[in-house]
Amino acid sequence: MNLITMTMIALTLSVILIIISFWLPLMSPDQEKLSPYECGFDPLGSARLPFSLRFFLIAILFLLFDLEIALLLPLPWGDQLPVPLLTHLWAALVLMLLALGLIYEWSQGGLEWAE
């Protein structure tokens with residue numbers, strides 16, 4: 001009985017959220033949203049324009065921290081290992097290294113989008 005009730009609640013909530021998601025978005029998007037490229041580049045311009053190094057750096061930092069989150073997700077299961085302290089030390093080392101890299105990048109001005 002409990003499984004059936006929980007399944008019905010989850011199904012009802014899912015259907016309600018799906019229906020709401022069709023009504024909430026703006027029905028008349030602007031020209032930028034209709035463009036196939038939303039990255040700020042002119043799709044009809046010259047392909048020989050220089051690529052922004054700052055844009056590339058921000059994208060790489062995003063991917064790096066996204067990967068860090070994916071690598072640290074199984075950390076709670078490290079408590080079940082014979083030596084959990086070693087797992088937590090490695091995780092702390094990874095976090096400290098990434099934090100120091102972020103502090104260095106911030107202090108060098110690499111995260112400033114506009115000059």
*Can you measure from CG (Leu11) to CE (Met6) and round to the nearest 0.5 angstrom?*
12.5 Å
*asked:* In the structure I gave you, are the side-chain heavy atoms of Met96 and Leu93 within less than 4.5 Å of one another anywhere?
replied: yes
*Grab the two heavy atoms, one from Pro84 and one from Gly78, that are nearest each other, plus how far apart they are.*
CB-O, 3.3 Å
*Following the transitive rule for hydrophobic clusters with a side-chain heavy-atom cut-off under 4.5 Å over Ile, Leu, Val, Met, Phe, Trp and Tyr, establish whether Leu67 and Ile60 coincide in one cluster.*
no
*What's the verdict on side-chain contact (heavy atoms from CB on, under 4.5 Å) for Leu71 and Val94, showing C-alpha distance, side-chain angles and the deciding distance?*
CA-CA 10 Å; Leu71 288 175; Val94 167; 5.8 Å; no
_Flag side-chain contact, heavy atom, 4.5 Å: Leu3 against Thr7_ = yes
*With the side chain counted from C-beta on, respond yes when Leu102 and Phe65 share a heavy-atom pair under 4.5 Å apart, and no when they do not.*
yes
_Connected via hydrophobic side-chain network under 4.5 Å: Leu64 and Leu97_ = no
*To the nearest 0.5 Å, how far apart are CG in Leu98 and CD1 in Ile103?*
11.0 Å
*Got a second to check how far His88's NE2 is from Asp79's CG, nearest 0.5 Å?*
4.0 Å
